Amino acid sequence: MFQWSTVWYYLFNDPNHYFLLAAWTTLWISVVAQSTGVILGLFLALMRMSRFPYLSMPARAYVWFFRGSPLLVQVLLLWDGLPRIIQNPDFLLPSWACVLVAFSLNEGAYMSEIVRAGITSVDVGQLEAAKSLGMRYSLAMRRVVLPQAARVIIPPLGNEFNNMLKTTSIASVIGLLELTGTAEVYGSQNFVIFELLIVATVWYLLLTTGWGYIQSRLENRLDPNRTLKTDLVQKGWAARMLGFGSPRAGDAGTLAGRR
Amino acid sequence: MNVEQQQNGSKEMVRAEKVVKRFGNLTVLNGVDLTVNRGHVVVVIGPSGSGKTTLLRCINHLEKIDGGRIYIEGELVGYREKNGKLVEDREANIARIRSQVGFVFQRFNLFSHMTALENVIEAPIHVLHQPREEVTERALALLAKVGLEEKADVYPHKLSGGQQQRIAIARALAMNPKLMLFDEATSALDPELVGEVLKVMKQLALEGMTMVVVTHEMGFARDVASHVVFMDKAVIVEEGTPEQIFDTPQHERTRNFLGMIS
């Protein structure tokens with residue numbers, strides 16, 4: 001018998017706040033791993049675009065490895081494999097650290113491709129103008145190119161973070177009590193695993209929906225930008241989350257129409 | 001600075017010696033010599049693909065050169081001597097020289113995420129580290145000078161081409177350059193907008209700014225130039241005063257070119 005009362009109990013009446021705590025774990029792991037991934041991706045992208053092969057080749061190899069093998073395998077390699085590889089069975093990373101490292105490294109690879117696409121979308125004339133005013137490459141990147149690349153980077157970055165929120169479920173495999181892990185552990189104790197998976201699902205939807213709202217606010221704050229080679233068609237957050245609606249008139253997205 | 005440089009510095013702003021530039025197998029500049037004296041306006045004309053834009057871009061090292069040397073006020077641009085060979089200069093040094101040379105692009109290249117005013121104050125604040133209030137005051141005066149002070153808070157995409165180009169000129173002037181380079185500054189403009197940009201350029205010339213202007217505006221060349229250079233097929237074919245070039249061209253190629261455009 002499926003017990004809706006159990007779902008209700010864990011959603012609203014649980015005095016131990018198991019799922020609230022689990023949601024917090026899911027959230028902070030996602031935020032930290034995504035942030036680290038963005039920074040890592042930025043440096044990997046700049047390395048990859050360098051004209052020096054001793055910078056671009058390692059970046060290529062890195063992306064090749066982390067995009068080419070499953071995240072679950074990378075997590076397990078760190079968790080089980082690392083103590084054996086360094087031949088010290090006492091060396092055990094706590095599961096949260098393991099997850100953070102693996103997720104950050106993995107996300108860095110994906111973000112580097114996104115950042116690279118963002119940087120290449122900015123007209124080369126912008127960099128030249130910055131140089132002609134006496135800016136060095138690093139300053140020109142920081143003040144001129146990256147702020148404009150951000151407009152192209154933010155939408156896929158939002159998708160990445162949405163993915164990240166859900167991908168943290170992989171951490172349950174090595175016993176981290178995030179949402180999925182919590183559902184499995186408490187569910188199998190009391191034979192209510194499906195009920196608790198429903199509870200976890202509600203929390204996931206809550207997190208991703210909240211993020212969808214923040215993301216659309218973020219995108220709307222960025223100025224319309226005419227030197228991008230890419231024309232963006234933006235949808236409102238409801239349209240993106242739920243898949244209906246049309247691009248908002250007068251929004252930043254209607255560049256093509258005004259050009 | 002040695003004595004020779006000081007003497008050069010008193011008169012010569014730019015000296016290009018036997019400059020060679022290749023893109024792959026294509027030679028775009030084939031041993032070009034050019035001297036620009038302080039306070040002069042040198043106008044470079046010639047057919048498309050003759051190398052005039054490339055020459056201009058080499059002067060502030062937006063392009064590397066494959067041979068020859070370019071000096072600004074006696075200082076070698078983009079390169080330094082190391083063990084008797086020329087190697088590319090340190091980035092900081094290249095940036096310092098560029099900060100003293102204004103460059104105006106055919107496609108304006110205003111920073112699209114900044115307002116007109118922000119475009120103008122950006123480099124003085126972040127490159128020259130001048131105080132924001134002082135720079136802003138000067139920037140507003142420059143915007144007034146190009147007739148656009150009321151557009152200070154407007155983003156580039158809301159402005160016409162002519163307005164964008166005048167702001168780009170103000171942006172370059174905000175660095176107090178000793179030399180201004182204009183790369184076909186009016187070629188991307190609708191015909192009715194060309195005049196407002198040329199007017200600003202002419203005003204600058206009258207104020208004594210040293211300028212190198214690549215253009216197809218022959219009227220401007222005849223009117224404003226102290227010196228006209230005609231380029232074709234990667235070399236300077238002929239140079240002289242506007243009267244010499246426009247009224248009594250010596251070379252067949254110059255006559256053909258002038259005949260085609262008039």
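As the structure is a prediction and not an experimental result, all values here were calculated from the model. Below, chain A is the first sequence line, B the second, and so on; all start at residue 1.
- Within a 6.0 Å radius of CZ in B/Arg80, other residues, nucleotides and ligands contribute more than 12 heavy atoms.
- Residues A/Met135 and B/Glu122 form a side-chain contact, since some pair of their non-hydrogen atoms from C-beta on lies under 4.5 Å apart.
- Of all heavy-atom pairs between B/Phe105 and A/Ala129, the closest is CE1-CA, 3.6 Å.
- Within 6.0 Å of CD on B/Glu88 lie more than 12 heavy atoms contributed by other residues, nucleotides or ligands.
- Distance alone, capped at 3.5 Å, is enough to place a donor-acceptor pair between the B/His113 side chain and the A/Arg143 backbone.
- Of all residues spanning residues 51-71 of chain B, those with a heavy atom less than 4.5 Å away from chain A's heavy atoms are B/Arg57, B/Asn60, B/Leu62, B/Lys64, arranged by number.
- Residue B/Phe111 touches chain A through both its backbone and its side chain, counting heavy-atom pairs closer than 4.5 Å.
- Here the shortest heavy-atom pairing between B/Ala95 and A/Arg136 reads CB-CG, 3.8 Å.
- Using modelled atom types, no side-chain atom of B/Asn109 and backbone atom of A/Gln126 make a donor-acceptor pair closer than 3.5 Å.
- Counting non-hydrogen atoms of neighbouring residues, nucleotides and ligands closer than 6.0 angstrom, the NZ atom of B/Lys202 reaches no more than 12 such neighbours.
- Counting non-hydrogen atoms of other residues, nucleotides and ligands closer than 6.0 Å to CZ of B/Arg96 gives a total above 12.
- Each of B/Ala168, B/Pro177, B/Pro124, B/Ala92 has some count of heavy-atom pairs under 4.5 Å with chain A, and the biggest count is that of B/Ala92.
- Heavy-atom distances place both the backbone and the side chain of A/Leu133 under 4.5 Å from chain B.
- Heavy atoms from other residues, nucleotides or ligands lying under 6.0 Å from CZ of A/Phe43 number 12 at most.
- No more than 12 heavy-atom neighbours from other residues, nucleotides or ligands sit within 6.0 angstrom of CH2 on A/Trp64.
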